[in-house]
S.K.: 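Next up is a structure, given as C-alpha cells.
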Amino acid sequence: MYGKEIKRVLVTREQIARRVKELGEQISRDYEGEELTLVCTLRGATLFFADLAREIKGDVEIDFIACSSYGSGTTSSGEVKMIKDLSSPIEGKNVIVIEDIIDTGTTLYYLKKLLEARNPKSLKICSFLDKPSRRKVEFEGDYIGFEIENEFVVGYGLDYNQKYRNLPEVCVLAPEVYMSELSKAL
Ligand code: IMP
Ligand code: MG
C-alpha cells in the first residue's frame, strides 16, 4: 500500500480507533460534571485531537497552541519556541493538553510550565504516543495512547519534514529516508 519510504505499519486504523475510544471514555469519567478545555498542539496532534474530542462527553471547549522543538528532520534542537498562543485565557479551567508524541520530553516540560503559570484549575497531558526510552527531561503524561520503541514514526498527524501527516495509520519511516537527509547535511 505504501512506497519504500515506509518500513512497516506499527498501529492500524482499528487499533487507533479502539484506543482513542477508551481514552475518551476514561476522560469523560474523570471529568464528569466538570467543564473541560482541550488544547490541541499544532500540527502533529490534530488528527488525534479531532478523533478524541468526538469520544468525550460533556462540556468541552477547544483551543490551539503551537510550539516547536524540532527544526526539520528527526533530531530535536532542544530549544522550544512558542509559535502560536492560545486564543482564550485558561485561568480557573480544567485543561488537557493533547499532544502527538512525548519523545525527549523537552516540548511538554516547557509547555506545562508555561500553562501552569496561568493558574488553570487543573492541567493534564494526553499524548497519543510515548517513547519513554528517549527521555532527556523527566516527564510523564497523564493519558497515553500507545507506548512505542525508539523508532521514528509518521502518519496520523505525525510528520517527517512536514510529509506523511495524512497517512491513516502510524507507520515506521525507513531509516534510509532520514539517513540520506543526514548525509546531505554533512
Ligand atoms: P520532544 O520535545 O523531544 O518530546 O519532542 C516532541 C515533538 O517531536 C513531537 O511533538 C513531534 O513533533 C516530534 N517527534 C518526536 N518523535 C517523533 C517521531 O517519531 N515522529 C514524528 N515526530 C516526532
Ligand atoms: Mg513534528
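First listed ligand is number 1; within each ligand, the first listed atom is number 1.
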S.K.: For atom 1 (P) of ligand 1, state which one of Thr104, Leu111, Asp100 supplies the nearest heavy atom.
M.R.: Thr104
S.K.: Would you mind checking if Arg19 and Glu55 are paired as a salt bridge, meaning a charged N to carboxylate O distance below 4.0 Å?
M.R.: no
S.K.: Only pairs under 3.5 Å count here: list side-chain donor-acceptor contacts from residues 11-18, not counting sequence neighbours, and write none if there are none.
M.R.:
unit_1: Thr12; atom_1: OG1; unit_2: Gln15; atom_2: N; d: 3.2
unit_1: Thr12; atom_1: OG1; unit_2: Gln15; atom_2: OE1; d: 3.3
unit_1: Gln15; atom_1: OE1; unit_2: Thr12; atom_2: N; d: 2.9

S.K.: Consider ligand 1: state whether an atom of it lies below 4.0 angstrom from any non-hydrogen atom of Gly44.
M.R.: no
S.K.: Taking both backbone and side-chain atoms of Phe152, is any N or O found less than 3.5 Å from an N or O belonging to ligand 1?
M.R.: no
S.K.: Any atoms of ligand 1 less than 4.0 Å from a non-hydrogen atom of Thr107? List them with their elements.
M.R.: 1 (P), 2 (O), 5 (O), 6 (C)
S.K.: Which one holds for Glu99 and ligand 1: side chain close, backbone close, both close, or neither close, with close meaning a heavy atom under 4.0 Å?
M.R.: side chain
S.K.: Does the N or O separation between Leu158 and ligand 1 drop below 3.5 Å for any pair?
M.R.: no
S.K.: Give me the ring orientation class for Tyr160 and Tyr178: parallel if the planes are under 30° apart, tilted from 30 to 60°, perpendicular past 60°.
M.R.: tilted
S.K.: Hey, which of Leu129, Val153, Val154 is the one that makes side-chain contact (heavy atoms from CB on, under 4.5 Å) with Leu10?
M.R.: Val153
S.K.: Given 3.5 Å as the limit, does a donor-acceptor pair link the side chain of Arg118 with the main chain of Glu91, or not?
M.R.: no
S.K.: When you measure from the heavy atoms of Lys131 to every atom of ligand 1, does any distance fall below 4.0 Å?
M.R.: yes
S.K.: Can you list every side-chain hydrogen bond (donor to acceptor under 3.5 Å, both in side chains) pair that touches residues 138-147, not counting sequence neighbours?
M.R.: Asp30-Tyr143
S.K.: With backbone taken as N, CA, C and O and side chain as the heavy atoms from C-beta onward, which portion of Asp159 lies under 4.0 Å from ligand 1: side chain, backbone, both, or neither?
M.R.: backbone
